[in-house]
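See structure below.
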There are 2 protein chains.
Amino acid sequence: MMKTSTSTQDYLKRIYELTECGEPASTNDLARELNIKPASVTGMIQKLAAEKPALVEYQKHQGVTLTTSGKRAALEVIRHHRLLEAWLVQTLGYSWDEVHEEAERLEHAISEDFERRIAAALGHPTRDPHGELIPTEDLKMPADDSTPLSALRPNQSATIQRVISQDPDLLRHLESLGLIPGIQIEVTEYSSFDNNLTVKVGKKQNVLGLNITTKIFVEIL
Amino acid sequence: MMKTSTSTQDYLKRIYELTECGEPASTNDLARELNIKPASVTGMIQKLAAEKPALVEYQKHQGVTLTTSGKRAALEVIRHHRLLEAWLVQTLGYSWDEVHEEAERLEHAISEDFERRIAAALGHPTRDPHGELIPTEDLKMPADDSTPLSALRPNQSATIQRVISQDPDLLRHLESLGLIPGIQIEVTEYSSFDNNLTVKVGKKQNVLGLNITTKIFVEIL
DNA sequence: AAAATAATTTAGGTAAGACTAAATTTAATG
DNA sequence: CATTAAATTTAGTCTTACCTAAATTATTTT
């Protein structure tokens, strides 16, 4: 296929993330995610849409989606990123709030050989340290059946699968509460006024607001 | 200090290598090492010499040398490269003929934190898998007291310290002969006509030409 | 030392990818 | 539905780092 540049890879990755909901990604959202001005994003998107095999589908004012080639390239980068996060945590003792930044740069620099070696060394993991699914070697994204914690109600138990955040401060906070992937929890109270959930983790009870409960995804037991 | 770009780092690294002999590096040699046209090298060198703290010393037609800042930046990259080579060989099973290319890209992408972590994980090694000295954390290049194998004569014994080559074919060949860093050898014959040396490695005897014996550096016992 | 050859530099150009400012299109509001 | 506001695109610049072709300086040969 194509040799994609670092910037192209960043664009494709962000577009993948923004379009996971089914909606095309807007220029503005993309600009915000990439820390690039909207005008520049428009220009770059036009270039990506004009590549020999087009990487994105684009119509003025209608937003962007990935083509099959574009999605493949995006999943390649995402696989690199998530394998790297897992590898950095497991072999170099990075904490889950530190790995993101390092992986963000390394993901563009590693070879396919390197990818295969760390995947094998880790035993072909399916999730990264945040619980995000790792695309398979043939670049398919496994199905995810998890539920947002915010949808649970008293007396429901669940296992935490993923935590959607790259913010080190939030991640450290959640870790201090014991809210990390793999942990079992139980909902004991729910307030319909502010949507707070009271969640039992081990012996501790924590009251969590929507800004947290929508970022934690669980498998209901 | 400065944030140096990938290309700047490549230039500084090559200039460091080419000036190790004491002579300034020529535009042409640099161009050959970097796979870049001489005209482009001139332009880039002029830019490096014009940086706020100059990275190179440059006078038209006289070649380039590194300034103190430039040398520091070069040693930083070289430390990254050599630590990465050691790391890739030790933890991911790369062979010494495969690591160079991978390290060549990763060296520009890793953080200082990453550097410290792999250095610690490896026990602060002083040489990479080729036997090249690794610059210290405070960016000093340790003194090297090794001798080229080509200078040895019959009945001298030595330990191989470094093999100066990035060529995978040559490296695999040397490995098949047992000529790798750490191994002990003994010179049994010398031909003053073609400068061939006969070298005993373990039980095997090998006749080696100048093109090999000048690339292997040893510590005489 | 002059001529030929090799190395180096200048000049001018290109491609990526970002930016600002201005124009335009879509969406939201009265 | 007209108007304002927000989002998006166009147009024109800039920087980095490369290239080719032509001019210049060094070096080597005769």
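Everything numeric in this text was worked out from a predicted model, so none of it was measured. Chain identifiers are assigned alphabetically (A, B, ...) following the order of the sequence lines, protein sequences preceding nucleic acid strands; residue numbering begins at 1 within each chain.
- When the P atom of D:dT15 is taken as reference, atom CD1 of A:Ile36 falls 18 Å away, rounded to whole Å.
- Residue B:Gln62 places none of its side-chain N or O atoms closer than 4.0 Å to OP1 or OP2 of D:dA26.
- The CD1 atom of A:Ile160 sits 7.0 Å away from the CG atom of A:Leu149 when rounded to the nearest 0.5 Å.
- Nucleotides of DNA chain C lying under 4.0 Å from heavy atoms of chain A occupy a range whose first and last members, 5' to 3', are C:dA16 to C:dT26.
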Pair B:Arg14-B:Glu104, salt bridge (Lys or Arg N to Asp or Glu O under 4.0 Å): steps then yes or no: CA-CA 12 Å; B:Arg14 301 304 178 192; B:Glu104 198 73 8; 2.9 Å; yes
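- Relative orientation of the B:Trp96 and B:His130 rings is parallel, given thresholds of 30° and 60° on the angle between their planes.
- Across B:Leu197, B:Asn195, B:Asp194, a single residue satisfies side-chain contact (heavy atoms from CB on, under 4.5 Å) together with B:Leu210, and that is B:Asn195.
- Using modelled atom types, one side-chain atom of B:Gln9 and one backbone atom of B:Thr4 make a donor-acceptor pair closer than 3.5 Å.
- Under 4.0 angstrom from either OP1 or OP2 of D:dT10 there lies at least one side-chain N or O belonging to A:Lys60.
- Contacts between residues 16-31 of chain B and DNA chain D, defined by a heavy-atom separation under 4.0 Å, are absent.
- Spacing between atom CD of B:Glu51 and atom C1' of D:dT16 amounts to 11 Å, rounded to whole angstrom units.
- The shortest non-hydrogen separation linking A:Asp10 to A:Leu34 is O-CD2, 3.7 Å.
- Summary of the strand contacts: A:Ala39 and A:Thr6 both lie near DNA chain C, and taking for each the nucleotide with the nearest heavy atom, the more 5' one is attributed to A:Thr6.
- Using a 4.0 Å heavy-atom distance criterion, A:Ser7 is classed as a sugar-phosphate-only contact.
- Toward the 5' end of DNA chain C, the nearer of the two residues A:His61 and B:Ile45, judged by each one's closest nucleotide, is B:Ile45.
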Check against salt bridge (Lys or Arg N to Asp or Glu O under 4.0 Å), A:Glu102 and B:Arg117: CA-CA 12 Å; A:Glu102 192 80 50; B:Arg117 284 176 194 258; over 6 Å; no
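- Closest of all the heavy-atom pairs between B:Gly209 and B:Asn196 is CA-OD1, 3.2 Å.
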